[in-house]
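Data block below; observations after.
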Number of protein chains: 2
Amino acid sequence: MESEAVAPRASAGPDAVYLFCDGACRGNPGPMGIGVLLRYGRAEKLIAEPIGRGTSNVAELSAIERGLREIRRRDLPVVIVSDSSYAIGVLSGRLRAHANVDLVRRVAELIAGFKDIRFRRVRGHAGMPENEEVDRLAVRAAAEGFRCDDLRSLPIPGVPEP
Amino acid sequence: MESEAVAPRASAGPDAVYLFCDGACRGNPGPMGIGVLLRYGRAEKLIAEPIGRGTSNVAELSAIERGLREIRRRDLPVVIVSDSSYAIGVLSGRLRAHANVDLVRRVAELIAGFKDIRFRRVRGHAGMPENEEVDRLAVRAAAEGFRCDDLRSLPIPGVPEP
RNA sequence: AGACACCAUGUUGC
DNA sequence: GCAACATGGTGTCT
């Protein structure tokens with residue numbers, strides 16, 4: 001795995017799209033679900049979807065794929081935030097995929113269509129709010145078939161919500 | 001590798017130094033840590049150290065090296081207790097080292113300076129208390145940069161601790 | 001093909 | 001906190 005140094009790392013800039021994603025299954029293999037949070041400026045989009053039966057690693061890869069397909073502006077820098085060392089490893093070429101070859105290649109080609117994609121590994125259940133949120137979405141999608149595709153606006157500090 | 005029969009085996013005698021050691025990484029390769037427990041009579045010494053980035057096998061070899069360097073009395077019999085079939089193999093000459101050649105030679109020369117060194121292979125995570133302890137030390141050293149170098153006295157059965 | 005080790009993730013149970 | 005299972009990877013040797 002290997003965590004990147006997080007603190008000293010420059011952010012991808014104000015125009016970057018942040019893609020937080022997580023996959024879950026009930027049992028492994030088992031019914032899978034994905035959770036995605038896309039953030040661009042003050043706008044957020046939440047996606048939850050059950051995606052059939054498969055393995056935990058397939059769920060993690062599928063969450064990344066689903067999130068990337070949501071991004072139209074392929075010229076914008078994208079930061080993929082995932083807790084799956086496996087998914088980041090096989091997509092960044094650090095690990096070689098022996099299983100899930102088709103899925104890995106499909107997502108890799110998707111990635112190749114973007115101008116600037118970076119990966120950011122985070123520890124699962126380490127308190128990062130966005131990671132916790134997509135984890136809950138993925139778990140609900142896998143367990144209850146929960147599905148959503150909602151826009152949302154970030155609160156502005158000091159400005160009361162309507 | 002086959003496990004040696006543990007129960008019927010003669011111990012190395014009352015004056016032997018027991019060197020329990022383990023290496024760990026966070027990811028492989030990744031940040032490494034070592035854990036060492038030296039026992040001589042009723043005295044124990046615990047060592048934990050992060051040792052930079054490398055592979056699991058390098059960590060295992062380094063734990064042995066670090067433990068051996070702690071032993072002054074090279075005339076005493078030493079029992080190296082490790083769960084690494086690789087480390088014991090390359091150091092005992094049963095396996096041939098193609099990688100990590102410098103490190104292997106360095107530790108082998110260290111070993112050659114002792115009068116009586118034996119290896120004892122134990123299964124990892126099989127419940128042996130000393131192995132579990134050095135495993136935890138190594139993992140903490142790799143994960144959190146934990147470091148220690150402490151003396152400790154074994155409890156005497158029937159005698160309450162202070 | 002096998003062995004040992006080191007991990008990551010996903011679950012299940014208490 | 002403690003068990004256990006599965007899916008996937010590397011480091012190393014035979």
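Residue numbers begin at 1 in each chain, while the letters A, B, ... track the order of the sequences.
Taking only side-chain nitrogens and oxygens, A/Thr55 comes nearer than 4.0 Å to OP1 or OP2 of D/dG8. Phosphate proximity of D/dT14 to B/His98: present, with a side-chain N or O under 4.0 Å from OP1 or OP2. Proximity of A/Asn57 to the phosphate of C/rA8: no side-chain N or O atom is located under 4.0 Å from OP1 or OP2. Between B/Arg96 and D/dT12 there is no side-chain polar atom (N or O) within less than 4.0 angstrom of OP1 or OP2. Residue A/Arg26 has no polar side-chain atom (N or O) positioned under 4.0 Å from OP1 or OP2 of C/rG10.
Comparing D/dT12, C/rG10, C/rU11 by their closest approach to the side chain of A/Cys25 singles out C/rG10. Distance from the side chain of A/Pro29 is smallest to D/dT7 among C/rC7, D/dT7, D/dG8. In the set C/rG10, C/rA5, C/rA8, the nucleotide with an atom closest to the side chain of A/Asp83 is C/rG10.
Among the heavy atoms of the strands, none lies under 4.0 Å from B/Gly89. As judged by a 4.0 angstrom heavy-atom cut-off over every strand, B/Val104 is placed among residues making no nucleic acid contact.
Crowding of B/Arg147 atom CZ: a count of heavy atoms from other residues, nucleotides or ligands under 6.0 Å exceeding 12. Counting heavy atoms of neighbouring residues, nucleotides and ligands inside a 6.0 Å radius, atom CZ of A/Arg26 does not exceed 12 of them.
Interface remark: the B/Asn28 side chain does form a donor-acceptor pair with the D/dT10 base, using a distance-only criterion of under 3.5 Å.
Salt-bridge formation is not detected for the pair A/Glu130/A/Arg120: no Lys NZ or Arg NE/NH1/NH2 atom is positioned less than 4.0 Å from an Asp or Glu carboxylate oxygen.
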